[in-house]
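Only one structure is covered here, and it is reproduced in the block below.
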Amino acid sequence: MTVLVNLIVTLGMLYVVPAGLRLIDPAGLRTAARLWPVPAALGALCLWLPRGIPATVLAALYAAAALALATRAPARLLEARRRSRAGGSAGGAPPRTTVSGPAEVAVCTALVSPSIAATALVAERAGYRLFGFDLDILALTVPHFHFAGFTAALVAGLVCRAGATAPATAPGSAPSSATLSRWAAYSVPGGTLLVLLGYFVDDWAELAGAVVLTTGMWAVALLTWRDIRPGVRDRTTGALLGTSAAVLVATMLLALWWAAGEATGITHPTLTWMAATHGLGNALGFALCSVLAWRRLTVD
């Protein structure tokens, strides 16, 4: 399992995060995205070293970069709030919180998530049981917050942005794209936070987080498949979007199964099996395909 997890984390550090930063804010985060591979290479290298001082030092350097990235989130939220108020006072126009608010919450969650992953990485590489957690759990926290944290929140935010101009549906009809996208943008960060809190509370709290996160990710999958993919003319981009949406259905079912098993005691997959299915599927089928597709969409 260790080799597979390390490969997944390396992918997240070296490609998914910097590519995602360019999707969040091509101008404002351009320098961070360009420089990110340097600390990411150090973080990736520490994965393959034995636990000890050299690995811990490299992990700490990566953590410093991740913490610096996290400091961007409060400023972005404040700026979004300022723009929202300015929009409401300019010419009597209504505030723009209905769309920009949820999307900004999601992308700011993405900015903070690598710092949580990096903190766990430093502790695991040092052989220190942070908050009493086993080293295996700390090791799995690293990919979880690079993908369920960073990439899932990122894509939820991008989908919410894309749903900004979607028309409202008539009363009594199915939820509109804008409604679903706002739910995704709030529930993916909320579910991720609940899962994190579940580490400290109990397995039932973690199950609740998994349920919220799953519904949010399924909303992302539905919107990607139903609203975004059909409007894409490039077949490769459409295939990448379709793959990312389809994979989420299966991988999040596995997440629910595992969380339910931990809470209730029913038979459920082992962590090794989850890494090989849920983890690998989310890393390649969802995260990589999503980032590649959205990069192609921004180029187009």
Side-chain angles (χ1 to χ4, degrees), residues 1-24 26 29 32-34 36-37 39-41 43-44 47-48 62 66 69 106-107 109-111 113-114 117-118 121 140-159 161-162 184 188 192 213-214 216-225 228-229 232 234-255 274-300:
M1 181 180 74
T2 301
V3 172
L4 178 60
V5 170
N6 287 351
L7 289 172
I8 291 173
V9 173
T10 299
L11 172 67
M13 288 177 172
L14 291 177
Y15 177 74
V16 173
V17 172
L21 294 178
R22 292 184 175 91
L23 292 172
I24 292 173
L29 294 174
R34 188 172 66 247
W36 188 264
L47 297 169
W48 305 96
Y62 177 68
L69 180 64
V107 298
T109 301
L111 292 175
S113 292
L121 179 64
L140 291 173
T141 300
V142 180
H144 182 80
F145 277 92
H146 276 99
F147 292 99
F150 180 84
T151 315
L154 164 69
V155 176
L158 295 175
V159 167
R161 288 177 182 175
V188 171
T192 302
L213 179 59
T214 297
M217 294 308 296
W218 282 348
V220 168
L222 175 61
L223 291 165
T224 300
W225 183 271
I228 299 173
R229 182 186 59 87
V232 175
D234 178 67
R235 295 180 64 180
T236 301
T237 304
L240 289 168
L241 289 170
T243 299
S244 70
V247 165
L248 276 180
V249 176
T251 57
M252 296 313 296
L253 272 176
L254 287 169
M274 284 293 290
T277 54
H278 169 82
L280 189 61
N282 271 343
L284 300 182
F286 166 65
L288 182 60
C289 287
S290 291
V291 170
L292 288 172
W294 282 95
R295 287 280 291 165
R296 294 172 67 91
L297 287 173
T298 57
V299 170
D300 293 341

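Residue indices begin at 1 and follow the sequence shown.
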*Which atom pair, heavy atoms only, marks the closest approach of Ala275 to Leu4?*
O-CD2, 3.5 Å

*Can you sort out the partners of Thr251 under side chain to side chain donor-acceptor pair (under 3.5 Å), two or more places apart, ordered by chain and number?*
Asn282

*Least distance between heavy atoms, Leu69 atom then Pro114 atom*: CD2-CG, 4.3 Å

*By ring-ring contact (aromatic ring centres under 6.0 Å, His included), which residues pair with Trp36, not counting sequence neighbours?*
Tyr62

*Taking only residues two or more places apart in sequence, or in another chain, which ones meet Thr2 in a side chain to side chain contact (heavy atoms under 4.5 Å, CB included)?*
Asn6

*Should Leu140 and Met274 be marked as a side chain to side chain contact (heavy atoms under 4.5 Å, CB included) after you check the CA-CA gap, both sets of side-chain angles, and the distance that decides it?*
CA-CA 10 Å; Leu140 291 173; Met274 284 293 290; over 6 Å; no

*asked:* Are the side chains of Leu248 and Thr224 in contact, using a 4.5 Å heavy-atom criterion?
replied: no

*Is any side-chain heavy atom of Leu47 less than 4.5 Å from a side-chain heavy atom of Leu121?*
yes

*asked:* For the CG atom of Leu284 and the CG atom of Leu11, what is their distance to the nearest 0.5 Å?
replied: 6.5 Å

*Who passes side chain to side chain contact (heavy atoms under 4.5 Å, CB included) against Leu253, sequence neighbours left out?*
Trp218

_Going by the rule side chain to side chain contact (heavy atoms under 4.5 Å, CB included), which residues pair with Leu222 if we only count those two or more places apart in sequence or in a different chain?_
Leu180, Arg226

_For the student: nearest non-hydrogen atoms of Ser290 and Ser244, plus distance_ = OG-CB, 3.2 Å

*Minimum side-chain heavy-atom gap Leu29-Arg22 below 4.5 Å*: no

Donor-acceptor contacts under 3.5 Å from residues 147-154 side chains, at least two apart:
unit_1	atom_1	unit_2	atom_2	d
Thr151	OG1	His146	O	3.0

*Looking only at heavy atoms, which two atoms of Leu14 and Pro37 are closest? And how far apart?*
CD2-O, 4.2 Å

_Closest approach of His278 to Leu254 (non-hydrogen atoms, all atoms of both residues)_ = N-CD1, 3.8 Å

_Nearest heavy-atom neighbours spanning Val188 and Met217_ = CG2-SD, 3.6 Å

_One pair to check against side chain to side chain contact (heavy atoms under 4.5 Å, CB included): Leu158 and Leu297. What are the steps and the verdict?_
CA-CA 11 Å; Leu158 295 175; Leu297 287 173; over 6 Å; no

*Is the closest side-chain heavy-atom distance between Met13 and Val9 below 4.5 Å?*
yes

*asked:* Restricting to side chain to side chain contact (heavy atoms under 4.5 Å, CB included), what partner residues turn up for Ala293, sequence neighbours left out?
replied: Thr237, Leu240, Leu241

